[in-house]
Amino acid sequence: MRLGILSDTHDEIERTRRAIEMLRAAGAEALVHCGDLASAAIVELLAVLPAWFVFGNHDADSVPYLYRAAAGTGVECLGWCGVIEAAGKRIAVTHGHMSSDVRHLLGEGPDYLLSGHTHIAAFTTAGTVRRINPGALKRADTFTVALLEVESGAFRFLDVPE
(Lines give C-alpha, C1' and ligand atoms only; values in the text may rest on other atoms or scores of the structure.)
Protein backbone atom coordinates (compact mmCIF):
# COMPACT_ATOMS: atom_id res chain seq x y z
CA MET A 1 0.00 0.00 0.00
CA ARG A 2 1.23 3.48 -0.89
CA LEU A 3 0.44 6.11 1.73
CA GLY A 4 0.55 9.84 0.99
CA ILE A 5 1.63 11.87 4.03
CA LEU A 6 0.96 15.58 4.52
CA SER A 7 1.30 18.01 7.40
CA ASP A 8 1.12 21.68 8.27
CA THR A 9 -1.11 22.73 5.39
CA HIS A 10 -2.42 25.73 7.40
CA ASP A 11 -5.45 26.26 5.13
CA GLU A 12 -3.34 26.51 1.96
CA ILE A 13 -6.19 25.17 -0.19
CA GLU A 14 -4.68 25.34 -3.68
CA ARG A 15 -1.22 24.12 -2.65
CA THR A 16 -2.81 21.25 -0.71
CA ARG A 17 -4.96 20.36 -3.73
CA ARG A 18 -1.81 20.25 -5.92
CA ALA A 19 0.02 18.15 -3.31
CA ILE A 20 -2.81 15.61 -3.16
CA GLU A 21 -2.94 15.44 -6.96
CA MET A 22 0.82 14.79 -7.00
CA LEU A 23 0.49 12.05 -4.38
CA ARG A 24 -2.34 10.39 -6.29
CA ALA A 25 -0.35 10.57 -9.55
CA ALA A 26 2.56 8.91 -7.71
CA GLY A 27 0.28 6.05 -6.67
CA ALA A 28 -0.99 7.03 -3.21
CA GLU A 29 -3.87 4.78 -2.19
CA ALA A 30 -4.64 6.56 1.10
CA LEU A 31 -3.68 9.80 2.85
CA VAL A 32 -2.56 10.75 6.35
CA HIS A 33 -2.47 14.37 7.53
CA CYS A 34 -0.27 15.01 10.57
CA GLY A 35 -2.05 18.12 11.81
CA ASP A 36 -2.31 21.88 11.45
CA LEU A 37 -5.01 21.61 8.81
CA ALA A 38 -6.51 24.91 10.08
CA SER A 39 -9.82 24.51 8.23
CA ALA A 40 -12.54 22.03 7.35
CA ALA A 41 -11.82 22.68 3.66
CA ILE A 42 -8.59 20.68 4.00
CA VAL A 43 -10.55 17.70 5.36
CA GLU A 44 -12.77 17.86 2.28
CA LEU A 45 -9.69 17.75 0.02
CA LEU A 46 -8.44 14.63 1.83
CA ALA A 47 -11.71 12.82 1.08
CA VAL A 48 -10.62 11.89 -2.47
CA LEU A 49 -8.95 8.80 -0.94
CA PRO A 50 -9.33 6.89 2.32
CA ALA A 51 -7.77 9.30 4.82
CA TRP A 52 -6.95 9.96 8.47
CA PHE A 53 -5.84 13.11 10.27
CA VAL A 54 -4.81 14.34 13.70
CA PHE A 55 -5.12 17.78 15.23
CA GLY A 56 -2.12 20.09 15.47
CA ASN A 57 -1.48 23.05 17.73
CA HIS A 58 -3.05 25.44 15.18
CA ASP A 59 -6.23 23.34 15.08
CA ALA A 60 -7.29 23.88 18.70
CA ASP A 61 -9.91 26.50 17.84
CA SER A 62 -11.20 24.46 14.88
CA VAL A 63 -11.71 21.09 16.58
CA PRO A 64 -15.54 21.09 16.40
CA TYR A 65 -15.47 22.10 12.72
CA LEU A 66 -12.86 19.47 11.87
CA TYR A 67 -14.87 16.75 13.63
CA ARG A 68 -17.98 17.77 11.66
CA ALA A 69 -16.06 17.84 8.38
CA ALA A 70 -14.68 14.37 9.08
CA ALA A 71 -18.14 12.99 9.84
CA GLY A 72 -19.52 14.50 6.66
CA THR A 73 -16.77 13.24 4.35
CA GLY A 74 -15.81 9.82 5.70
CA VAL A 75 -12.29 10.98 6.57
CA GLU A 76 -11.28 9.53 9.93
CA CYS A 77 -10.27 11.93 12.70
CA LEU A 78 -7.81 10.36 15.17
CA GLY A 79 -8.05 13.25 17.63
CA TRP A 80 -4.71 14.49 18.92
CA CYS A 81 -2.92 11.21 18.14
CA GLY A 82 -3.69 7.65 17.17
CA VAL A 83 -2.57 4.41 15.57
CA ILE A 84 -3.85 2.99 12.31
CA GLU A 85 -3.11 -0.33 10.69
CA ALA A 86 -2.34 -0.68 7.02
CA ALA A 87 -0.76 -3.51 5.06
CA GLY A 88 -0.02 -5.37 8.30
CA LYS A 89 1.93 -2.46 9.80
CA ARG A 90 1.12 -0.23 12.77
CA ILE A 91 1.35 3.46 11.90
CA ALA A 92 1.30 5.99 14.74
CA VAL A 93 0.24 9.53 13.86
CA THR A 94 0.65 12.74 15.85
CA HIS A 95 1.39 16.36 15.11
CA GLY A 96 4.53 16.19 17.25
CA HIS A 97 4.13 19.33 19.35
CA MET A 98 3.33 17.34 22.50
CA SER A 99 6.21 15.15 23.64
CA SER A 100 3.78 13.18 25.82
CA ASP A 101 1.87 12.12 22.67
CA VAL A 102 5.10 11.04 20.99
CA ARG A 103 6.20 9.02 24.05
CA HIS A 104 2.76 7.40 24.34
CA LEU A 105 2.73 6.40 20.67
CA LEU A 106 6.28 5.05 20.76
CA GLY A 107 5.17 2.91 23.71
CA GLU A 108 2.53 1.36 21.42
CA GLY A 109 5.34 -0.29 19.41
CA PRO A 110 4.49 1.08 15.95
CA ASP A 111 6.39 0.29 12.78
CA TYR A 112 6.15 3.95 11.74
CA LEU A 113 5.64 7.24 13.54
CA LEU A 114 4.34 10.04 11.33
CA SER A 115 4.46 13.61 12.63
CA GLY A 116 4.78 17.20 11.50
CA HIS A 117 5.05 20.49 13.41
CA THR A 118 8.64 21.44 12.49
CA HIS A 119 7.88 22.33 8.85
CA ILE A 120 11.05 20.43 7.92
CA ALA A 121 10.98 17.14 6.01
CA ALA A 122 12.86 14.46 7.93
CA PHE A 123 13.39 10.73 8.16
CA THR A 124 14.96 9.08 11.20
CA THR A 125 15.00 5.70 12.85
CA ALA A 126 14.52 5.25 16.59
CA GLY A 127 15.19 1.60 17.40
CA THR A 128 12.85 -0.28 15.08
CA VAL A 129 10.51 2.68 14.50
CA ARG A 130 10.85 4.61 11.27
CA ARG A 131 9.92 8.27 11.89
CA ILE A 132 8.74 10.39 8.98
CA ASN A 133 7.96 14.10 8.96
CA PRO A 134 6.63 15.02 5.49
CA GLY A 135 7.50 18.71 5.87
CA ALA A 136 4.94 21.45 5.32
CA LEU A 137 2.85 23.25 2.73
CA LYS A 138 3.16 26.65 4.43
CA ARG A 139 6.05 28.55 6.03
CA ALA A 140 8.74 26.22 4.67
CA ASP A 141 11.78 26.82 2.49
CA THR A 142 10.60 23.99 0.25
CA PHE A 143 7.02 22.71 0.31
CA THR A 144 7.02 18.92 0.64
CA VAL A 145 4.88 15.84 1.21
CA ALA A 146 5.95 12.19 1.48
CA LEU A 147 4.98 8.93 -0.18
CA LEU A 148 5.50 5.73 1.82
CA GLU A 149 5.34 2.17 0.50
CA VAL A 150 4.10 0.69 3.77
CA GLU A 151 5.12 -2.95 3.23
CA SER A 152 8.69 -2.34 2.05
CA GLY A 153 9.41 0.88 3.94
CA ALA A 154 10.53 2.65 0.77
CA PHE A 155 9.61 6.30 0.78
CA ARG A 156 10.39 9.58 -0.89
CA PHE A 157 9.70 13.24 -0.43
CA LEU A 158 7.90 15.14 -3.19
CA ASP A 159 8.50 18.85 -3.73
CA VAL A 160 5.25 20.74 -4.23
CA PRO A 161 5.52 23.85 -6.42
CA GLU A 162 4.27 27.17 -5.11
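Note on Arg2 versus Glu29: no salt bridge recorded, every NZ/NE/NH1/NH2 to OD/OE distance being 4.0 Å or above. The pair Glu21-Arg24 fails the salt-bridge criterion, with no side-chain N (NZ, NE, NH1 or NH2) lying under 4.0 Å from an Asp/Glu carboxylate O.
Under 3.5 Å, the side chains of Ser115 and His95 contain no donor-acceptor pair of N or O atoms. For the residue pair Asn133 and Ser7, no side-chain donor N or O sits within less than 3.5 Å of a side-chain acceptor on the partner.
With hydrogens and angles ignored, the 3.5 Å screen pairs a side-chain donor or acceptor of Glu151 with a backbone N or O of Met1. No donor-acceptor pair under 3.5 Å is formed between the side chain of Arg90 and the backbone N or O of Ile84. Using a distance-only test at 3.5 Å, with no hydrogens or angles considered, a donor-acceptor pair links the side chain of Asp59 to the main chain of Ala38.
Aromatic ring orientation, His117 versus His97: tilted (interplanar angle from 30° to 60°).
Between the CD1 atom of Ile42 and the CG atom of Leu37 there is a distance of 6.5 Å, given to the nearest 0.5 Å.
Linking ILVMFWY residues whenever their side-chain heavy atoms come closer than 4.5 Å, directly or via other members, leaves Phe157 and Leu6 in distinct clusters. Placement of Val129 and Tyr112 in two distinct hydrophobic clusters is found when ILVMFWY residues are connected by side-chain heavy-atom separations under 4.5 Å, directly or transitively. Transitive grouping of hydrophobic side chains (ILVMFWY, heavy atoms separated by less than 4.5 Å) keeps Leu23 and Phe123 in distinct clusters.
For the side-chain contact (heavy atoms from CB on, under 4.5 Å) with Leu137, the qualifying choice from Asp36, Asp8, Thr16, Thr144 is Thr16, the only one to do so.
A 6.0 Å sphere centred on OH of Tyr65 holds no more than 12 heavy atoms belonging to other residues, nucleotides or ligands.
With a 4.5 Å cut-off on side-chain heavy atoms, Leu113 and Val102 count as touching. In this structure the side chain of Met98 never reaches within 4.5 angstrom of the side chain of Trp80, judged on heavy atoms. By the 4.5 Å heavy-atom criterion applied to side chains, Thr9 and His33 are counted as neighbours. Two residues are said to be in side-chain contact when any heavy atoms from C-beta on lie closer than 4.5 Å; Trp52 and Leu3 meet this criterion. Annotation: side chain of Ile91 is not in contact with side chain of Asp111 (no heavy-atom distance under 4.5 Å). Counting heavy atoms from C-beta outward, Val145 and Ile5 have side chains that stay 4.5 Å or more apart.
For the pair Arg15 and Phe143, the cation sits on the ring face: its NZ or CZ lies under 6.0 Å from the ring centre, inside 45° of the axis.
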* To do: I would like to know whether Val93 and Cys81 meet side chain to side chain contact (heavy atoms under 4.5 Å, CB included); could you show each step before the answer?
  => CA-CA 6 Å; Val93 186; Cys81 66; over 6 Å; no
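The six-membered or imidazole ring of Phe55 lies near that of Tyr67, with a centre-to-centre distance under 6.0 Å.
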